[in-house]
Amino acid sequence: MFIQFKNETKSLLQSAVKAAGYGTEDTYLEESSYADISSSIALKLAPQYKKPPANIAKEILQKIQIPAKSYVGRVEVQGAYINFYVNRRFLNQTISSISEEREEYGSLPKKNKRAILEHTSVNPTGPLHVGRGRNPIIGDTLARVLRCAGYDVDVQYYVNDMGRQIATIVWGYDNIDPNILPKLERDKSDHDVVRYYRKSTEAASNPEVESAIMQLLGEYESDNPIVIRKFKKVVERCIEGQKQTLERINISFDKYIWESQFVRDGTVNKVVERLKKTKYARIKDGALVLDLTHFGLEKDFVLTRLDGTTLYTTRDIAYHVWKFDNADIVINVLGEDQKLAMDQLKCALKILGLGRLPQIVFYSFVSLPEGKMSTRKGTTVDLDDLLDEALERAYIEVHKRRPELLEDEKRRISEIVGMGAVRFDIIKVAPEKMMTFRWEDALDFEKQGAPFIQYSHARACSILNKAKLKKFNPNMLVEPQEIELIRKMAMFPNVVDVVAHDLKPHILATYARELAETFNQFYRFVPVLKAEGDLRDARLALVNCARIVLENTLNLLGIEAPKSM
RNA sequence: GUCCCAGUAGGGUAGUGGACAUCCUUUAGGCUUGCGGAGCCUAAGACCCGGGUUCAAAUCCCGGCUGGGACACCA
């Protein structure tokens, strides 16, 4: 609804500006705490026309003609600003849209565009850890939002199965006696894999072991079927464990794309051959490189080693070419350490004449107070441990508040609250901001975190449990807290649009918190069940709307909306 | 050393040219004979430093300082 309102104010303003004799493209409309939408256009025109901005604003205002069927209620000038306010029709329409569309409310029209969104894609060397823990959560939230915004989304995990690290693990399974490994801390396959990874990395300092590992890698690339089977087994074991972890926080993938597929089907070679023929290619110390100084990159992009084998980023070019064959837009969620590689990759795509480039969401790593996490060194906080601790902590809270509940019910709610708290805690911060992991902070379910939003939803459900929804008259809703709530709910589709466009998932978290806050203020000041007649029916309908929008918002965040907690 | 990103109340965080800088936490005080107090209200407290551009800078530019990342024939 807000999107229509915004478009309407835009065209109203454009024609009024023209009628008042001014010329400008932009309408400088923005959301404002002073009005539903506000324009600072007079300030922009002032220097050009050498008139006081307030006068210009008044002149424009006089030319604004609000049409009969409009969502604009009134327009006012305050100082240099032109402020637009919604009308009753807007509010009523919002309520009826939500009531009718229900779980579809917020979904934007189908765009008929395919999107491939790649996220997580960590090396399959061990369990997921908190250091890169933002990746799946950012990725999954964006996937949900993009679907809601009308894209056909295919979510992919790019499996780095050709790395020397995997060869190291394969060597480990072949040569290390399991009895000398540290005890398996958790009965999960990825935790088993990482024991071998750490131990065989130590062993690899021995040159004989090192060359055995390199030989394995060579045989994997040259299609030795026995070696392929071994690699596959190791990688699948690891991925299976990671999958189990991510399922706990509602994250799954449509496809797992193995890096080796592009080597085996020859597309990597084709890409290299094509790049080799371009003017950017040259041989440096026997290796094929791209000179990207033309694109402002100092560093040569090394495509192949001396022995002709390809490197990780080279193979990634082939993957991206394939992605663009299968999608209209391509989005990657990656750690900030990939920035240079992605710049190089983008240049290669330009050189290949693709015409399209991936959009990349970079996030900063979560570090520990004493430094960064490393799987190899074993200085990680595993996501599994964080989720377990969050669950424990949630259980304590639930038990404190609802001691009378059955044990199963307490555990079920703890799960919903604990997993939601973790997701929200991570998604609420802008991806480029750095985070330091501290147990006390991570498990401190801050007041306006996920439980706050879930609680608002549970309250709404509780009211609705005690009464029946009937036909209602939206004109009954006139209290300031009621109007505020409707206006906030009207923003939801716009939030979906903005998050999908800017790829900024934390904005959704901010919205969720504001929506819950607005509902709580309504709840505190406006009686529903104690109201009578038409007023009661209208307020019940409003509570139902709030319940719907809270649930839809939580769904996009991958967080469950409990009916009670 | 060079390049990229970040720096906002005691801690965390939103805002990326415009109207009193958002919210949580903290501290102090208040609210329930209201539908679930995991709630609501009030107050205290911040734009890293120094220049510049602009009618207007937390926001843009230059130079510092601090933290993270990159600078591989690793992935």
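Residue numbers begin at 1 in each chain, while the letters A, B, ... track the order of the sequences.
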Chemist: Counting side-chain heavy atoms from CB outward, which of G69(B), C74(B), A72(B) is closest to V302(A)?
Modeler: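 Closest nucleotide to the V302(A) side chain: A72(B).
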Chemist: Report yes or no: is there a donor-acceptor pair, N or O only, under 3.5 Å between the side chain of S32(A) and the base of A19(B)?
Modeler: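 In this structure, the two groups form a donor-acceptor pair.
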Chemist: For Y28(A), report the nucleic acid contact type (base, sugar-phosphate, nothing); a contact means any heavy atom under 4.0 Å.
Modeler: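 Nothing: the residue Y28(A), judged by heavy atoms under 4.0 Å, touches no strand.
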Chemist: If we call it a pair only when both distances are under 3.5 Å in a Watson-Crick or G-U wobble match, what pairs with A28(B)?
Modeler: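 A28(B) is paired with U42(B).
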Chemist: Pairs under 3.5 angstrom only: tabulate donor-acceptor contacts from the side chains of residues 414-424 of chain A to other protein residues two or more places apart or in another chain.
Modeler:
residue : atom : partner : partner atom : Å
S414(A) : OG   : K410(A) : O            : 2.6
R423(A) : NE   : L557(A) : O            : 2.9
R423(A) : NH1  : D140(A) : OD2          : 3.0
R423(A) : NH1  : I249(A) : O            : 2.7
R423(A) : NH2  : D140(A) : OD2          : 2.8
R423(A) : NH2  : T141(A) : OG1          : 3.3
R423(A) : NH2  : L557(A) : O            : 3.2

Chemist: What's the gap between C24(B) and C60(B) when it is taken at their P atoms, as a whole Å value?
Modeler: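 27 Å, rounded to whole Å.
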Chemist: Cation-pi between K339(A) and F362(A): NZ/CZ under 6.0 Å from ring centre and within 45° of the ring axis?
Modeler: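 Cation-pi check for K339(A) and F362(A): passes.
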Chemist: Just name whichever nucleotide pairs with C3(B), Watson-Crick or G-U, keeping both distances under 3.5 Å, else none.
Modeler: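 Pairing partner, where one exists within any strand: G69(B).
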Chemist: Provide the distance between the two P atoms, one in G45(B) and one in A6(B), to the nearest whole Å.
Modeler: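 Rounded to whole Å, the distance is 29 Å.
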Chemist: For the pair E392(A) and R411(A), find out whether any cationic side-chain nitrogen is under 4.0 Å from an anionic carboxylate oxygen.
Modeler: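 Between R411(A) and E392(A) there is a salt bridge, with a charged N closer than 4.0 Å to a carboxylate O.
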Chemist: Give L311(A) one of three labels, base, sugar-phosphate or nothing, depending on what nucleic acid heavy atoms sit under 4.0 Å from its own.
Modeler: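 Sugar-phosphate, no base atom in range.
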Chemist: Per the atom types in the model, does the base of A19(B) pair as donor or acceptor with the side chain of S38(A) at under 3.5 Å?
Modeler: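 A donor-acceptor contact between them is present.
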Chemist: Are the aromatic rings of F301(A) and Y280(A) close, with centres under 6.0 Å apart?
Modeler: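 No, they do not, as the ring centres are separated by 6.0 Å or more.
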Chemist: Start with the C-alpha distance between R459(A) and N520(A), add both sets of side-chain angles, then the distance that settles side chain to side chain donor-acceptor pair (under 3.5 Å), and finish with yes or no.
Modeler: CA-CA 9 Å; R459(A) 275 178 149 181; N520(A) 281 328; 2.9 Å; yes
Chemist: Just to be sure I understand the rule, does E514(A) reach a base, reach only the sugar-phosphate, or reach nothing, if contact means heavy atoms closer than 4.0 Å?
Modeler: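 The answer is nothing, as E514(A) stays clear of every strand by at least 4.0 Å.
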Chemist: Over all strands shown, is Y455(A) touching base, sugar-phosphate only, or nothing at heavy-atom distances under 4.0 angstrom?
Modeler: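 Touches a base.
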Chemist: In whole Å, what is the span from the NZ atom of K50(A) to the P atom of C55(B)?
Modeler: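 Between P of C55(B) and NZ of K50(A): 10 Å.
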Chemist: Taking all non-hydrogen atoms of both residues, which atom of S121(A) and which atom of E118(A) are closest, and how far apart?
Modeler: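 Closest approach of S121(A) to E118(A), heavy atoms only: OG-OE2, 2.9 Å.
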Chemist: With a 3.5 Å cut-off and sequence neighbours excluded, list the donor-acceptor pairs that the side chains of residues 460-470 of chain A form with protein atoms.
Modeler:
residue : atom : partner : partner atom : Å
S462(A) : OG   : K466(A) : NZ           : 3.2

Chemist: Taking only the side-chain nitrogens and oxygens of R132(A), find out if one of them lies under 4.0 Å from OP1 or OP2 of A75(B).
Modeler: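 Indeed not, no polar side-chain atom of R132(A) lies that close.
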Chemist: Each nucleotide N or O in nucleotides 9-17 of chain B that has a protein N or O under 3.5 Å away: list the pair and distance.
Modeler:
residue : atom : partner : partner atom : Å
A14(B)  : OP1  : A430(A) : N            : 2.8
A14(B)  : OP2  : K433(A) : NZ           : 3.4
G15(B)  : OP1  : H506(A) : NE2          : 3.2

Chemist: C47(B) pairs with which nucleotide, Watson-Crick or G-U wobble, both distances below 3.5 Å?
Modeler: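 Checking every strand shown, C47(B) finds no partner, since no pair has both distances under 3.5 Å.
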Chemist: Classify the nucleic acid contact of S564(A) as base, sugar-phosphate or nothing, counting any heavy atom under 4.0 Å across all strands shown.
Modeler: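 S564(A): base contact, heavy atoms under 4.0 Å.
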Chemist: Write down the distance separating the P atoms in G64(B) and C73(B), rounded off to the nearest Å.
Modeler: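 After rounding to an integer number of Å, I get 30 Å for this pair.
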Chemist: For L340(A) and for M565(A), locate the closest nucleotide of RNA chain B by heavy-atom distance; then report the residue assigned to the nucleotide nearer the 5' terminus.
Modeler: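 Taking each residue's closest nucleotide, the earlier one in sequence belongs to M565(A).
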Chemist: Return the nearest nucleotide to the side chain of Q448(A); candidates are C24(B), G36(B), C31(B).
Modeler: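 The listed nucleotide nearest to Q448(A)'s side chain is C24(B).
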Chemist: D502(A) near the nucleic acid: base, sugar-phosphate alone, or nothing, with a heavy-atom cut-off under 4.0 Å?
Modeler: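 It contacts nothing in the nucleic acid.
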Chemist: What's L43(A) touching, base or sugar-phosphate or nothing? Going by heavy atoms closer than 4.0 Å.
Modeler: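 Answer is base: heavy atoms of L43(A) come under 4.0 Å of a base.
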Chemist: What's R376(A) touching, base or sugar-phosphate or nothing? Going by heavy atoms closer than 4.0 Å.
Modeler: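 Touches nothing.
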Chemist: Using a 4.0 Å heavy-atom cut-off, does E336(A) contact any base of the nucleic acid, only the sugar-phosphate backbone, or nothing at all?
Modeler: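 Since a base atom lies under 4.0 Å of E336(A), the category is base.
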Chemist: Write down the distance separating the C1' atoms in C48(B) and C65(B), rounded off to the nearest Å.
Modeler: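 So the two C1' atoms sit 8 Å from each other.
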Chemist: Work out how far the C1' atom of U33(B) is from that of U22(B), and round it to whole angstrom.
Modeler: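 That atom pair is separated by 37 Å.
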Chemist: Find out whether V526(A) and L542(A) are in side-chain contact, i.e. whether some heavy atom of one side chain is under 4.5 Å from a heavy atom of the other.
Modeler: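 No, too far: nothing below the 4.5 Å cut-off.
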Chemist: Any side-chain N or O of R459(A) below 4.0 angstrom from OP1/OP2 of G37(B)?
Modeler: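 True: R459(A) side-chain N/O within range (under 4.0 Å) of G37(B) OP1/OP2.
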Chemist: Verify the contact: side-chain N or O of Y312(A) to OP1 or OP2 of A75(B), cut-off strictly under 4.0 Å; return yes or no.
Modeler: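 Result: no.
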Chemist: Which base, if any, makes a Watson-Crick or G-U wobble pair with U59(B), both distances under 3.5 Å?
Modeler: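 Here U59(B) is not engaged in any pair, so there is no nucleotide opposite it.
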Chemist: Touch check for K284(A), heavy atoms < 4.0 angstrom, all strands: base, sugar-phosphate only, or nothing?
Modeler: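 Base contact.
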Chemist: Under a 3.5 Å cut-off for both contacts, is A21(B) paired Watson-Crick or G-U wobble with anything, and if yes, with which nucleotide?
Modeler: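 Partner of A21(B): none.
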Chemist: Regarding K51(A) and Y22(A), do their side chains bring together a donor and an acceptor under 3.5 Å, going by distance alone?
Modeler: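 There is such a pair between these side chains.
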Chemist: Looking only at side-chain atoms of K530(A), point me to the closest of G36(B), G34(B), A19(B).
Modeler: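 Between G36(B), G34(B), A19(B), the one nearest the side chain of K530(A) would be G34(B).
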Chemist: Taking the side chain of P527(A) as its heavy atoms from C-beta onward, which of C31(B), G34(B), A75(B) lies nearest to it?
Modeler: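 Nearest listed nucleotide: G34(B).
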Chemist: How is G163(A) classified with respect to the nucleic acid when contacts are heavy atoms under 4.0 Å: base, sugar-phosphate, or nothing?
Modeler: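 Sugar-phosphate contact only - G163(A) comes under 4.0 Å of backbone atoms but never of a base.
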Chemist: Would you measure the distance from the C1' atom in U16(B) across to the matching atom in U59(B) and give it in whole Å?
Modeler: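 Straight-line distance between the two C1' atoms is 4 Å.
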Chemist: Indicate whether OP1 or OP2 belonging to A75(B) is found under 4.0 Å from a side-chain N or O atom of N123(A).
Modeler: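 False: N123(A) side-chain N/O out of range (4.0 Å or more) of A75(B) OP1/OP2.
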Chemist: What is the nucleic acid contact for V122(A), judged by heavy atoms within less than 4.0 Å: base, sugar-phosphate only, or nothing?
Modeler: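 No contact at all - V122(A) keeps every heavy atom at 4.0 Å or more from the nucleic acid.
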Chemist: Classify the ring geometry of F262(A) against Y158(A): parallel below 30°, tilted from 30° to 60°, perpendicular beyond 60°.
Modeler: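 F262(A) and Y158(A): tilted rings.
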Chemist: Considering only the C1' atoms, how many Å lie between G67(B) and G30(B), rounded to the nearest integer?
Modeler: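 Roughly 41 Å separates the two C1' atoms.
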Chemist: Could you pick out which residue, F522(A) or N83(A), lies toward the 5' side of RNA chain B when each is mapped onto its nearest nucleotide?
Modeler: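 Whichever sits nearer the 5' end wins; that is N83(A).
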Chemist: Please state the C1' separation for the pair U8(B) and C3(B) - nearest whole angstrom.
Modeler: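 Roughly 26 Å separates the two C1' atoms.
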Chemist: Measure from the side-chain heavy atoms of N160(A) and tell me the nearest of A75(B), G39(B), G36(B).
Modeler: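 It is A75(B).
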Chemist: Counting just side-chain N and O atoms, does Q521(A) come under 4.0 Å of either OP1 or OP2 of C41(B)?
Modeler: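 So the side chain of Q521(A) is within the cut-off, an N or O lying under 4.0 Å from OP1 or OP2 of C41(B).
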Chemist: Would you mind reading off the distance between K400(A) atom NZ and G37(B) atom C1', rounded to a whole angstrom?
Modeler: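 Taking atom C1' of G37(B) as the reference, NZ of K400(A) is at 13 Å.
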Chemist: In the structure shown, which nucleotide is the Watson-Crick or G-U wobble counterpart of U13(B), with both distances under 3.5 Å?
Modeler: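 Per the H-bond distance test, none.
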Chemist: Heavy atoms only: give me the nearest D537(A)-F472(A) pair and the separation to one decimal.
Modeler: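 The pair with the smallest heavy-atom distance is O-CB, 3.8 Å.
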